[in-house]
Q: 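Structure provided below as structure tokens; questions to follow.
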Amino acid sequence: MIIVVKPKTSKEELTKLIDNIKEVGLNPVEFEGEERTVIHVLGEVRNDTEAHFKSIRCVEKVVRIVRPYKLASREHHSHTTIVKVGDVSIGNSDFIVIAGPCSVESESQIMEAAEMLKKLGVKIMRASAFKPRTSPYDFQGLGIEGLKLLKKVRAKTGLLVETEVMDVRDVPIAAEYVDLLRVGARNMQNYDLLKELGKVKKPVILKRGISATINEFIMAAEYLLYHGNKNVIFCERGIRTFENSYRNTLDLGAVALLKKLTHLPVIVDPSHAAGNRELIPPLSRAAVAAGADGLLVEAHPNPEKALSDAAQSLYPEQLDELLKGLKPVCEAVGKKLLLH
Ligand code: PEP
Ligand code: MN
């Protein structure tokens with residue numbers, strides 16, 4: 001960290017600042033310029049330490065040199081993390097597709113969805129049992145009943161199952177029922193939830209918050225890693241911008257940057273980014289080209305009857321076409337589209 005001291009700072013104030021740096025266990029090295037003094041601070045700097053020095057009256061600027069995350073950083077871990085979900089590996093040269101309806105709605109709906117996915121070769125089914133809805137009057141999900149149906153799907157079809165967990169209290173039971181857990185965009189900075197998910201043995205998909213910066217996104221992953229869960233997958237799902245022609249703006253720059261800065265797998269959810277099924281194929285192909293490790297995409301056996309996110313849910317034949325269209329793009333970037 002570098003601290004730039006304001007011009008005309010008195011000797012006493014400067015000495016006080018230097019003493020303060022030493023008091024917090026850091027090592028100050030002073031450079032006296034013609035107008036300003038600059039202090040190089042050596043040692044491990046925390047976010048709150050940085051904020052503390054920014055608040056001091058004689059300090060003009062604090063520049064952080066080292067990134068605030070360590071466990072997620074590629075600088076600290078030269079390996080690339082490969083997350084195992086059953087017999088599927090995420091983060092290697094395979095391109096994985098996690099597909100399925102937005103919500104678990106009923107036994108017949110989820111079984112039909114599972115059959116559709118199985119027929120098309122998809123190995124992991126997404127479907128939310130707990131639903132974060134903007135309106136309290138909308139379908140709220142089946143809750144634990146939905147988890148039980150997902151377990152049934154798994155037993156009956158052999159598909160791996162993925163679902164969102166919204167509440168700290170539901171973490172242990174959700175971890176028992178499904179293969180892969182998801183933190184939704186609205187909960188990316190729910191730190192208690194992240195801490196709890198840090199303790200479970202199941203891998204976690206961490207979705208980007210609606211207005212989260214990439215730094216905040218990585219810091220949320222850092223929580224999961226720090227609290228003990230090493231199997232974290234980033235999911236870019238679009239951010240809120242001035243553009244309102246689609247639901248959110250898919251930020252593919254995030255995919256490229258996360259792959260560069262971190263060692264964790266990155267997948268893309270084109271469905272919640274677009275909000276419109278027509279845009280899913282081009283966004284998905286772009287995701288492959290940007291270096292994503294997989295997709296999280298909504299598809300429903302009967303989208304017109306979907307209880308949530310109907311307009312962005314692919315029809316079965318559209319999912320089939322999407323997969324066919326992804327294959328050559330995967331091959332072009334040296335990936336293999338993983339279907340069974
Ligand atoms: C979802 O995947 O069903 C969902 C609610 O997405 P997000 O958290 O990205 O809004
Ligand atoms: Mn949805």
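Just so it is clear, the model here is predicted, and its values are computed rather than measured. We count ligands from 1, going down the list as the structure has it; atoms in each ligand are counted the same way.
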Q: Shared ILVMFWY cluster between Phe95 and Leu264, side chains joined below 4.5 angstrom?
A: yes

Q: Quick one: which of His272, Glu298, Met166 has a heavy atom closest to atom 4 (C) of ligand 1?
A: His272

Q: Please determine if Pro132 has a nitrogen or oxygen closer than 3.5 Å to a nitrogen or oxygen of ligand 1.
A: no

Q: Could you tell me the residue and atom name of the protein heavy atom closest to atom 8 (O) of ligand 1, and the distance to it rounded to 0.1 Å?
A: Ala185 N, 2.8 Å

Q: Among Lys207, Gln312, Arg237, Arg182, find the residue that satisfies the side-chain hydrogen bond (donor to acceptor under 3.5 Å, both in side chains) test when tested with Asp269.
A: Lys207

Q: At the 4.0 Å heavy-atom cut-off, does Arg182 count as touching ligand 1?
A: yes

Q: Please enumerate all residues that pass salt bridge (charged side-chain N to carboxylate O under 4.0 Å, His left out) together with Lys199, with sequence neighbours excluded.
A: Glu196

Q: Out of curiosity, does Leu283 fall in the hydrophobic cluster containing Leu319 (side-chain heavy atoms, cut-off under 4.5 Å, transitive links)?
A: yes

Q: What is the number of protein N/O/S atoms located under 2.8 Å from the Mn ion (ligand 2)?
A: 4

Q: Is any side-chain heavy atom of Leu323 closer than 4.5 Å to a side-chain heavy atom of Val97?
A: yes

Q: Parallel, tilted or perpendicular: which describes the rings of His79 and His77, with under 30° parallel and over 60° perpendicular?
A: perpendicular

Q: To check your reading of the model: name the closest protein heavy atom to atom 6 (O) of ligand 1, its residue, and the distance in Å.
A: Lys207 NZ, 2.8 Å

Q: Once side-chain contact (heavy atoms from CB on, under 4.5 Å) is applied, do any residues pair with Lys336, and if so which ones, sequence neighbours excluded?
A: Asp94, Leu338

Q: Output yes when the distance from some N or O of ligand 1 to some N or O of Asp309 is under 3.5 Å, and no in every other case.
A: no

Q: So which heavy atom in the protein is nearest atom 9 (O) of ligand 1, and how far is it from that ligand atom?
A: Arg237 NE, 2.6 Å

Q: At what distance is the nearest protein heavy atom to atom 3 (O) of ligand 1, and which residue and atom is it?
A: Arg126 NH2, 2.8 Å

Q: Could you list which atoms of ligand 1 come closer than 4.0 Å to a heavy atom of Gly184?
A: 8 (O)

Q: Compute the shortest N/O to N/O distance between Asp269 and ligand 1 and return yes if it is under 3.5 Å, no if not.
A: no

Q: Side chain or backbone, does Glu164 bring an N or O within less than 3.5 Å of an N or O on ligand 1?
A: no

Q: Taking only heavy atoms of Arg186, which atoms of ligand 1 are found under 4.0 Å from at least one of them?
A: 7 (P), 8 (O), 10 (O)

Q: Going by ring pair (Phe, Tyr, Trp, His ring centres under 6.0 Å), name the residues that satisfy it together with Phe217, two or more places apart in sequence or in a different chain.
A: Phe234

Q: Give the atoms of ligand 1, by number and element, whose distance to some non-hydrogen atom of Lys131 is under 4.0 Å.
A: 3 (O)

Q: Any ion pair linking Glu60 and Lys6 (charged N to carboxylate O, less than 4.0 Å)?
A: no

Q: Does this structure show an ion pair linking Lys54 with Glu50, if we count only N-O contacts that are shorter than 4.0 Å?
A: yes

Q: Let me see the working for Arg208 and Asp251 under salt bridge (Lys or Arg N to Asp or Glu O under 4.0 Å), right down to the final yes or no.
A: CA-CA 10 Å; Arg208 184 175 183 182; Asp251 178 14; 2.8 Å; yes

Q: Going by an N to O cut-off under 4.0 Å, is there a salt bridge joining Lys202 and Asp179?
A: no

